[in-house]
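I have placed the structure first, in the form of structure tokens, so that the comments after it can refer back to it.
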Amino acid sequence: MRIIVADCSAQYSGRLQATLPPARRVLLVKADSSLLIFSELGSFKPLNWMAAPCTIHEIEPGSEEDSGAEIEPGADADGAEIEPAPRPVRILHVAAAKSNDVLEVTLYRVFSDESFDLGLDPGLVKDGVEDHLQHFLAEQIERIGEGARLVSREYPTPIGPVDIMAVDAEGKHVAIEIKRHGGIDGVEQLTRYCKLLNRDPLISPVRGIFAAQTITPQARTLAQDRGFECLLLDYDDMKGTDDGSLRLF
């Protein structure tokens with residue numbers, strides 16, 4: 001990873017035209033030649049970038065382009081002094097491999113230019129995703145009611161698998177749809193599953209449970225109107241790490 005802090009401007013051409021006027025910015029140059037331009041404030045997203053596959057060519061302004069002579073400041077119509085245009089000291093020319101897109105970054109003053117070997121990254125490890133919720137609820141199926149038994153995870157239907165199929169204490173089948181944050185779309189998904197499953201005389205009647213860590217009021221209202229039960233899942237409690245201490249968030 002190469003990190004450059006510099007006064008710079010940028011010109012992007014290709015599918016669109018975009019310009020960044022001169023300002024102090026941070027440039028990240030990755031090992032695959034991707035280049036990203038960041039500012040101090042604003043969004044976490046880069047102001048402009050060129051993603052791999054691409055090639056980067058570093059140009060040092062030559063004597064024909066830059067004689068090194070001082071440029072005398074001029075004056076406008078009112079006699080006010082005009083600052084001379086900044087003189088480039090380096091140009092980063094980045095060209096996309098599969099299109100005509102080009103990002104050209106002109107550096108006027110470089111404050112820092114360092115490279116770091118970050119090594120191999122193991123990647124982001126996510127905790128509390130839907131698959132984890134499904135795993136723990138399948139192991140703790142009694143959370144849907146005492147006497148419940150697990151039939152299958154990813155129970156197949158013609159339009160996709162139901163997250164969990166179970167049988168309650170009365171022997172009735174229960175289709176469970178699991179979301180991290182339950183919205184109306186999830187209720188509609190469960191509705192479609194239950195409609196198909198109830199056509200099978202071997203398992204009907206099938207009732208539905210909409211399970212999530214959070215459920216919006218609109219989704220709860222719709223689920224109850226469709227005859228579904230809503231089940232809130234406490235992930236920390238399910239995985240056995242909830243210490244019972246009070247937390248603000």
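Because the structure is a prediction, the values reported are computed rather than measured.
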Phe210 side chain near Leu222 side chain, heavy-atom distance below 4.5 Å:
no
Applying salt bridge (charged side-chain N to carboxylate O under 4.0 Å, His left out), can you list everything that pairs with Arg24, at least two apart in sequence or on another chain?
Asp7
How would you list, by chain and number, every residue that makes a side chain to side chain donor-acceptor pair (under 3.5 Å) with Asn100, sequence neighbours excluded?
none
Is the shortest side-chain heavy-atom distance between Phe116 and Ile3 below 4.5 Å?
yes
Show the nearest heavy-atom pair for residues Leu107 and Ala6, with the distance to one decimal.
CD2-CB, 4.1 Å
Closest contact, heavy atoms only, Ala52 versus Ser34:
N-OG, 3.0 Å
Treating Ile, Leu, Val, Met, Phe, Trp and Tyr as nodes and any side-chain heavy-atom pair under 4.5 angstrom as an edge, say whether Val151 and Leu197 lie in one connected cluster.
yes
Got a salt bridge between Arg90 and Glu60, using NZ or NE/NH1/NH2 to carboxylate O under 4.0 Å?
yes
Step by step, would you call Lys30 with Leu36 a side-chain contact (heavy atoms from CB on, under 4.5 Å)?
CA-CA 9 Å; Lys30 301 174 69 175; Leu36 302 90; 4.0 Å; yes
Pair Leu231-Ile215, side-chain contact (heavy atoms from CB on, under 4.5 Å): steps then yes or no
CA-CA 9 Å; Leu231 176 63; Ile215 300 176; over 6 Å; no
Across all chains, not counting sequence neighbours, the side-chain contact (heavy atoms from CB on, under 4.5 Å) partners of Thr221 are none
Tell me, with the steps shown, if Tyr108 and Ser9 meet side chain to side chain donor-acceptor pair (under 3.5 Å).
CA-CA 8 Å; Tyr108 304 108; Ser9 63; 2.7 Å; yes
Going through the checks in order, is the salt bridge (Lys or Arg N to Asp or Glu O under 4.0 Å) test met by Arg149 and Asp168?
CA-CA 6 Å; Arg149 294 181 291 108; Asp168 64 18; over 6 Å; no
Least distance between heavy atoms, Ile176 atom then Ala211 atom:
CG2-CB, 4.1 Å
Are the side chain of Asn198 and the backbone of Ser204 linked by a donor-acceptor contact shorter than 3.5 Å?
no
Should we count CD of Gln17 as having more than 12 external heavy atoms under 6.0 Å?
yes
Let me have the donor-acceptor pairs involving side chains of residues 137-148, under 3.5 Å, with sequence neighbours excluded, atom names and distances please.
{"residue": "Glu139", "atom": "OE2", "partner": "His135", "partner atom": "NE2", "Å": "3.3"}
{"residue": "Gln140", "atom": "OE1", "partner": "Arg143", "partner atom": "NE", "Å": "2.7"}
{"residue": "Gln140", "atom": "OE1", "partner": "Arg143", "partner atom": "NH2", "Å": "3.1"}
{"residue": "Gln140", "atom": "NE2", "partner": "Met238", "partner atom": "O", "Å": "2.7"}
{"residue": "Arg143", "atom": "NH1", "partner": "Asp237", "partner atom": "OD2", "Å": "3.4"}
{"residue": "Arg143", "atom": "NH2", "partner": "Asp237", "partner atom": "OD2", "Å": "2.8"}

Does any non-hydrogen side-chain atom of Val94 lie less than 4.5 Å from one of Ser33?
no
Under 4.5 Å between any side-chain heavy atoms of Val174 and Val167, yes or no?
no
Dump the intermediate steps for side-chain contact (heavy atoms from CB on, under 4.5 Å) on Arg192 and Glu188, then the final yes or no.
CA-CA 6 Å; Arg192 294 191 293 270; Glu188 295 288 4; 3.9 Å; yes
If you look at every heavy atom in Cys8 and Val105, which pair is closest and at what distance?
CB-CG1, 4.1 Å
Would a hydrophobic clustering, with Ile, Leu, Val, Met, Phe, Trp and Tyr connected at side-chain separations under 4.5 Å, put Ile159 with Val206?
yes
Please assess Arg220 against Glu229 for the test salt bridge (Lys or Arg N to Asp or Glu O under 4.0 Å), listing each intermediate value before the final yes or no.
CA-CA 9 Å; Arg220 183 179 292 276; Glu229 177 186 343; over 6 Å; no
Smallest heavy-atom separation, Leu47 atom then Phe38 atom, equals CD1-C, 4.2 Å
Side chains of Asp234 and Asp236: closer than 4.5 Å at any heavy-atom pair?
yes
Please tell me if the side chains of Leu92 and Leu35 come closer than 4.5 Å, counting only heavy atoms from C-beta onward.
yes
Examine distances only and state if a side-chain atom of Tyr235 and a backbone atom of Arg180 form a donor-acceptor pair shorter than 3.5 Å.
no
hydrophobic_cluster_shared for Val5 and Ile56, side chain cutoff 4.5 Å
no
Would Leu16 end up clustered with Leu20 when hydrophobic side chains under 4.5 Å apart are linked, directly or stepwise?
yes
Before you tell me yes or no, could you show the steps for Lys179 and Gln213 under side chain to side chain donor-acceptor pair (under 3.5 Å), namely the whole-Å CA-CA distance, both residues' side-chain angles and the distance that decides it to 0.1 Å?
CA-CA 7 Å; Lys179 301 291 183 186; Gln213 289 179 281; over 6 Å; no
What heavy-atom pair brings Thr191 and Phe228 nearest, and what distance separates the two atoms?
OG1-CE1, 3.4 Å
According to a hydrophobic-cluster definition based on side-chain heavy atoms being under 4.5 Å apart (Ile, Leu, Val, Met, Phe, Trp, Tyr only), do Leu190 and Ile184 belong together?
yes
Verdict with reasoning, Ile91 to Glu58, per side-chain contact (heavy atoms from CB on, under 4.5 Å):
CA-CA 6 Å; Ile91 298 172; Glu58 191 162 339; over 6 Å; no
Take atom CZ of Arg109 as the centre, draw a 6.0 Å sphere, and report whether it contains more than 12 heavy atoms from other residues, nucleotides or ligands.
no
Name all residues meeting the salt bridge (charged side-chain N to carboxylate O under 4.0 Å, His left out) criterion together with Arg15; count only those two or more places apart in sequence or in a different chain, and write none if there are none.
Asp101
Would you mind listing every salt bridge (charged side-chain N to carboxylate O under 4.0 Å, His left out) that reaches into residues 152-167, with sequence neighbours excluded?
Asp131-Arg153
